[in-house]
Amino acid sequence: MEIKEKIAKSVAQAADIKSAEILDLLETPPDPKMGDVALPCFRLAKTLRKAPPLIAQEIMDKLTPPAGVSSMQAAGGYVNFFLDRTAFARDTLKAALAPDFGASDLGAGRRVVIDYSSVNIAKPFHIGHLSSTAIGHSLYKIYAYLGYRPVGINHLGDWGTQFGKLIAAYKLWGDDAEIEKDSVSAMLRLYVRFHEEAEKDPALNEQGRAWFKKIEDGDSEALRIFGWFSDLTLREAKRVYEMLGIQFDYFTGESFYNDKMQPVIDELREKNLLEQDEGAYIVRLEEYNLPPCIILKTDGATLYSTRDLAAAEYRKKTFDFHKALYVVAYQQSLHFKQLFAVLEKMGKPWAKDMEHVAFGMVSLEDGTLSTRHGKIVLLEDVLSRAVEKTLATINEKNPDLANKEDVARQVGIGAVLYSTLSAGRIKDITFSFERVLNFDGETGPYVQYTHARASSVLRKYGKADDPGADFTALDDADAFAVIRQIESFPAAILAAAEKNEPSFVTRHITLLAQHFNKYYYEHRIMDTDEKKTNARIQLTRAVQKTIATGLSLLGIAAPERM
RNA sequence: GUACCCGUAGCUCAGCUGGAUAGAGCGUUGGACUCCGACUCCAAAGGCCGAAGGUUCGAAUCCUUUCGGGUACGCCA
């Protein structure tokens, strides 16, 4: 970054163009043999009204290369700059070895509310919830690293007529011991049975509605049963969160907003936004080219949207957020567009600070996930199988390793997290054990292995860094590739936050691991020249640190041995 | 029907605020452990970037149309 600014500045002087404009043009050539930084002159041709190769030549002739640039070359319509690699290595490693490399105070004093994971009461925690959980948690870490104060909210699915049905089913066929023992699975069986029986006997639905009404009215028995179900579900979910190393600041679910909806409805009325249509109350959104948003049903009951409006209002009031993110699957993108549009119509200037961080659908190889038909894969099973497989690998390759079980957990779970955070979040995922449990190539274990390998070298070296290190040892192309990648780490974090895209971090550290592994094979790190050895050790240390930081931003552990 | 998203190597994906010969991993084939960790590395094969127009000095990238796939579209969440 810094060197690009210097180049932009000197080009600006030579060509009499604004330096910011030049900085914008600067890019990295496709092949390092061409140069390290390139200035394409094609766009300048328009204003200067000269042929690009001529401009390139003229700029080069007039230019005094800034410190850090060793040579220049005009080629085609480009001016190519070759960096002084020794200086680049020294500067980059110094920055990378300082504490909190890539961190910033960009977000100082700003809160970012992140709504993620959102488990449903009485429903199993399956692989369909992994994306929201992993992406949300990673964003939490990324924003925190950039100085923001993230607020993690688990917006529990704990409201709706379904819970009336569940209680009705429990009253008819429930067995306390079975529920205590099987928890969510037992609840799910009751729920499925209810739907089956209601097909034959529609009167059951009436019972379901009645029980839901009791929940709404605060009936003590209804609340006791529902509270019991909630506790059991959360206990199960928290076990998974613990395995994943994830915490939330709040477990405020939908029911939390029950008493907070009326003021929003009143406000909509006052502002003349509420309109009765076919018996229901709606807000029209034609000017947004969106279908209307239903606020109240014909029977006067509230809906999902009503609750989310109240939640948005509450979050703004409580946290005064700088940004509010909803890490929710893209199926709900219309809902969020409507939600944001309604808030905007209500005159909330902060509506523009809210963002739906959408991600793709998870399906199984033989079709869509379906809780009701039992076509699901439990997240806990995936995690355990990944851990088991890792343990088997460790027993085979590194049987004397201490804390094998701990490491197996870190690597196995890391593999699962990595796999959901490696592709862009909008991509659909077809879940397959084969893919998740493959640990070769661009995978979590690969990156962790690189980290462990670097750690191992550093352990062997066992000495502190030497201020007199000879960085000319890092002049070769392999080292340069590694250093360049390290240098762009802070930019990758910023971009990840900007786009709410953790995969930018995943990709960045994966590439870094690849460059380092190549370097490791081509070069001996520790040799007889102490000053040169130390420079290569600093490189190794910077790689180790950067990978560890990157992994931690993804919520993945970085074991030193594996 | 309408809106949004996705089509890049056999498979999974990068690259998409336009730039120099389209990249990686998996899989396939063939190599590399007396040497700092082989969960590693090297090499080969594999592409009209869904298609057609357009804008531009230049398009995988921007615009239009079109085909294929996905998702969602008032009283579920």
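Letters A, B, ... are given to chains in the order of the sequence lines, protein chains preceding strands, and every chain is numbered from 1.
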> Of all residues at least two apart in sequence or in a different chain, which pass the side-chain hydrogen bond (donor to acceptor under 3.5 Å, both in side chains) check with A:D115?
Replying inline: A:S118, A:R315
> Taking RNA chain B as the partner, which of residues 415-426 of chain A come within under 4.0 angstrom of it by heavy atom?
Replying inline: A:A423, A:G424, A:I426
> Along nucleotides 38-46 of chain B, 5' to 3', which nucleotides get a B, which get an S, and which get a -, given that the test is a protein heavy-atom distance under 4.0 Å?
Replying inline: BBBSS----
>> Give the dot-bracket line for RNA chain B from 5' end to 3' end: parentheses for intra-strand Watson-Crick or G-U pairs under 3.5 Å, square brackets for crossings, | for inter-strand pairing, dots for unpaired.
In response: (((((((..((((.....[...)))).(((((.......))))).....(((((..]....))))))))))))....
>> Under the side-chain hydrogen bond (donor to acceptor under 3.5 Å, both in side chains) definition, can you give me all pairs with a residue in residues 357-369 of chain A, not counting sequence neighbours?
In response: none
Tabulate atom names and distances for all N/O pairs under 3.5 angstrom spanning the protein and nucleotides 47-50 of chain B.
none

> For RNA chain B, which residues in residues 32-40 of chain A have a heavy atom at a distance below 4.0 Å?
Replying inline: A:M34, A:A38
> What is the per-nucleotide protein-contact pattern of nucleotides 72-77 of chain B, from the 5' end, where B denotes a base atom under 4.0 Å from a protein heavy atom, S denotes such proximity for sugar-phosphate atoms only, and - denotes neither?
Replying inline: SSBBSB
Kindly give the atom pairs (protein nitrogen or oxygen, nucleotide nitrogen or oxygen) under 3.5 Å for nucleotides 55-63 of chain B.
none

> Within 45 degrees of the axis of the six-membered ring of A:F194 and under 6.0 Å from its centre: does A:K165 put its NZ or CZ there?
Replying inline: no
> Which residue pairs satisfy the ring-ring contact (aromatic ring centres under 6.0 Å, His included) criterion with at least one member in residues 36-55 of chain A, sequence neighbours excluded?
Replying inline: A:F42-A:Y78
> According to the ring-ring contact (aromatic ring centres under 6.0 Å, His included) rule, which pairs have a member within residues 491-518 of chain A, sequence neighbours left out?
Replying inline: A:F489-A:H508
>> Going by the rule side-chain hydrogen bond (donor to acceptor under 3.5 Å, both in side chains), which residues pair with A:Y446 if we only count those two or more places apart in sequence or in a different chain?
In response: A:N517
